[in-house]
Amino acid sequence: MTKSKEKHPSSKRNSPLVESDVGKMTTKAVKFLQGVPPFSLLPAEELEQIAPLLSIETLPASTVLCVQGKTKIRSLYIIIAGEVEQYYEERGREDLRDVFTAGDIFGGVSILINDSTAIRTVKVLKKSQVYTLPAEYFLILCKKHEIFSSHFTATFGKRMLDKKYAHVISKAMRQKRDTPELFDNTIGSICSGKLFSCGNEESLQNVAKEMLEKRCSSMLICNPEGDFVGIVTDNDFRKKAILYGLPATTKVEEIMSSPLISINYSAQIFEAILIMTQSAVTHLAVKDFQNNVVGVVTNKDIVATYLPSPFFLIREINNATNIAELTSKHQKIPLTVHSLLRAGAKPKSIAKIISTFSDAILDRIISIAIEEMEMPPPTDFVFLVLGSEARQEQTLKTDQDNAIVFKDVSPEKLTDTRDYFMRLADKICTYLDVVGYSFCNGGVMAKNPKLCQPLLVWKKYFSEWIGTVDPESLLQSNIFFDFRGAFGNKTIVEELQEHLFAAVNEKPNFFRYLAETSLRPRPPLGFFRNLVVESKGEHRNTFDIKSAMMPIVNFARLYSLKNNIAETNTLERLRRLFMIKAIAWDDYDELRQSYGFLLQLRFAHQIRDVVEEGTKPNNHINPQRLSRIERTMIIEIFKRIEKFIAKMSFDFIGVSR
């Protein structure tokens, strides 16, 4: 790299300058800086103190000033004349290109955000002359003058909402820590793509011989039409064929596992572990975006990549035999989430893992409660989870939101059936409270007689909510439009969803009324684009980040109901909306990035409450405890949320708010 030697103010110069020369240089530098933001925002006396600290460097064309991820940025660069480009290079491709000319500054974000390591490569296009200000003095200015540092944090905040730039930053930050591959790699990265299959009428002997020859642990099974209908594994041969002494001529379809459980090749590795844990399988079919099976991934493939500790906790939960054990396991969740955050796990991944913990605990609680009843359930039922748990967006601050729907029975059996499920619901909700999931203050729990009802009554409920013209009533029922079957007969959930979509399609005015309730929560942003905090009470000087996120949740729910999307997770709803072109890519990307950042901030705040301060987690954040960059990001995100609130208003009400 060709570059003139950096001069420190205290270093000796080759040709001494007389005092008048230094004075001229200082005056010239001050005059120049007065026209360069953010130096132009500083007092004149501050500029006069800065000027003697500057060095002038001449940079020949084609000089590579710094290399992304490798070079330490020792100075802030202010271009006097010339042309310099900055870009990010990955796999031989240059991206995120910026060209700087006279009056432009670079290097500040790398110093502030990335421990002085270059985020992008900087190359001189035309011979350039620059002022350099040593990094230590730059940091002093940032600390001393908030208006000065805000220039760099605002630039960073706006860029972070660009998907490409956010990817570069997160990748650069991850290079400085040990990030488990579990949270970075996709299934496609560990799936070999080899596809071994046979017909469903092949004999066990032929299939076993072929598996031995191909040295594979599984074989996909297809029907005469060529559709994959199941899978047979080494384990199936041991437990189903050999154990029961099946003849070698037995058709393989007799021992195959069916239906075929699959995962998309773009899913993250941890998602495969969740599916394997929940389904008690060791092999998953891997599908592409066209729903074609392209390979198989096994638990051994995953273990060879990473042995994840969070899933030991899931196994412990699954093996728990009483409520005391489950309480102990629940208390481990905050520390586990803390380790995931520090390891670089994405917010959506953490939320899904927390929901998996909750689902596993709920499953054990319901199983224990049923065992304690005097008889098994008199009919099929499903235990619904509502709200954030239904959306798989739980954080560490959560209470119960649930209900029971049981199959319709004859009138003469209804009283006894309902009595059974009410007693079961009381057990379940009480045990959930003991374990750590507090009772809902609003009574939205299965132990509430109104929420432990047969399917016919639940259909009536939804018809009434959809038909109401009272915004307050609809506001109270909002939580019920996010529901998911967590235990029991899931076909009941499907029937309820079908009724829901049929009902909303018959009542087009429903979306107008739902939109009116969805517009109520607004981001805490003041007239002057400052964060608005509570002025009194227990949460004085804070804002509620959960409420601030609700407009995005409401947006996703409203448009998903309009488009008959049954998915409940907010990010997945947004993805589906984009896939069917109900929202544009730019809108989808902004909402996704914004929601992810706020969720990350919410997790970090709650972890600090539990792990560092030993208090109960909450959703109330004091902006003064955030970094300037975080505050800038939040304000930028809240501005964008207001734009989507206006879009909801225009699309469903006809006016922009």
Please determine whether the number of non-hydrogen atoms from other residues, nucleotides or ligands lying under 6.0 Å from atom CZ of Arg608 exceeds 12.
yes
Inspect the surroundings of NZ in Lys643 and state if more than 12 heavy atoms from other residues, nucleotides or ligands are less than 6.0 Å away.
yes
Side-chain touch [X]/[Y], heavy atoms, less than 4.5 angstrom:
X      : Y      : value
Ile653 : Leu519 : yes
Glu534 : Asn541 : no
Leu133 : Ser75  : no
Phe543 : Ile634 : yes
Phe148 : Cys142 : yes
Leu599 : Thr395 : yes
Thr517 : Asn478 : yes
Arg573 : Thr568 : yes

Any chance you could measure [X], atom [atom1], to [Y], atom [atom2], to the nearest 0.5 Å?
X      : Y      : atom1 : atom2 : value
Asp288 : Tyr265 : CG    : OH    : 5.5 Å
Leu514 : Lys562 : CG    : NZ    : 11.5 Å
Lys616 : Gln606 : NZ    : CD    : 13.5 Å
Tyr87  : Asp98  : OH    : CG    : 13.0 Å
Glu136 : Leu53  : CD    : CG    : 9.5 Å
Leu65  : Thr121 : CG    : OG1   : 10.5 Å

Between [X] and [Y], does any side-chain N to carboxylate O distance fall below 4.0 Å?
X      : Y      : value
Glu83  : Lys127 : no
Arg557 : Asp482 : yes
Glu642 : Lys639 : no

Stepwise side chain to side chain contact (heavy atoms under 4.5 Å, CB included) test for Thr117 and Lys72
CA-CA 5 Å; Thr117 302; Lys72 281 287 185 180; 3.5 Å; yes
By the definition side-chain hydrogen bond (donor to acceptor under 3.5 Å, both in side chains), identify the one residue from Lys348, Gln600, Glu393 that meets it with Tyr595.
Glu393
Can you tell which of Ile350, Asp609, Asn619, Val337 makes a side chain to side chain contact (heavy atoms under 4.5 Å, CB included) with Leu396?
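By the side chain to side chain contact (heavy atoms under 4.5 Å, CB included) criterion, Leu396 pairs with just one of Ile350, Asp609, Asn619, Val337: Val337.
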Do [X] and [Y] meet the criterion of a side-chain donor-acceptor pair at a distance under 3.5 Å?
X      : Y      : value
Gln86  : Arg120 : yes
Asn618 : His539 : no
Asn264 : Glu271 : no

Can you name the nearest heavy-atom pair linking [X] to [Y], along with the distance?
X      : Y      : result
Ile73  : Gly107 : CG2-O, 4.0 Å
Phe603 : Pro347 : CE1-O, 3.5 Å
Pro623 : Thr542 : CD-CA, 4.4 Å
Leu558 : Phe511 : CD1-O, 3.9 Å
Cys66  : Ala118 : SG-CB, 4.0 Å
Ala556 : Leu577 : O-CD1, 4.1 Å

Spell out, as yes or no, whether a donor-acceptor pair under 3.5 Å connects the side chain of [X] to the backbone of [Y].
X      : Y      : result
Ser594 : Glu590 : yes
Arg74  : Ala135 : no
Ser649 : Ile645 : no
Asp651 : Met648 : no
Thr63  : Val124 : no
Arg640 : Glu636 : yes

Side chain to side chain contact (heavy atoms under 4.5 Å, CB included) between Ile552 and Phe644, intermediate numbers included:
CA-CA 8 Å; Ile552 300 179; Phe644 290 107; over 6 Å; no
Can you sort out the partners of Phe578 under ring-ring contact (aromatic ring centres under 6.0 Å, His included), two or more places apart, ordered by chain and number?
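Listed in chain order: Trp585, Tyr588.
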Test side chain to side chain contact (heavy atoms under 4.5 Å, CB included) applied to Leu525 and Ile635, step by step
CA-CA 7 Å; Leu525 203 59; Ile635 289 171; 4.2 Å; yes
Give the ring-plane orientation class for Phe106 versus Tyr77, where under 30° counts as parallel, over 60° as perpendicular and anything between as tilted.
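Because their plane-to-plane angle is under 30°, the rings of Phe106 and Tyr77 count as parallel.
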Go through the steps to decide whether Asp587 and Arg592 satisfy the test salt bridge (charged side-chain N to carboxylate O under 4.0 Å, His left out), and finish with yes or no.
CA-CA 8 Å; Asp587 289 344; Arg592 182 169 61 97; over 6 Å; no
One pair to check against side chain to side chain contact (heavy atoms under 4.5 Å, CB included): Ser110 and Ile119. What are the steps and the verdict?
CA-CA 6 Å; Ser110 293; Ile119 293 173; 3.6 Å; yes
Do any side-chain atoms of residues 33-52 form donor-acceptor pairs under 3.5 angstrom with protein atoms, and if so which ones, sequence neighbours left out?
| from | atom 1 | to | atom 2 | distance (Å) |
| --- | --- | --- | --- | --- |
| Glu46 | OE1 | Lys144 | NZ | 3.1 |
| Glu46 | OE1 | His145 | NE2 | 2.5 |

By side chain to side chain contact (heavy atoms under 4.5 Å, CB included) - contacts of Lys31 (at least two apart):
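Side chain to side chain contact (heavy atoms under 4.5 Å, CB included) list for Lys31, sorted by chain: empty.
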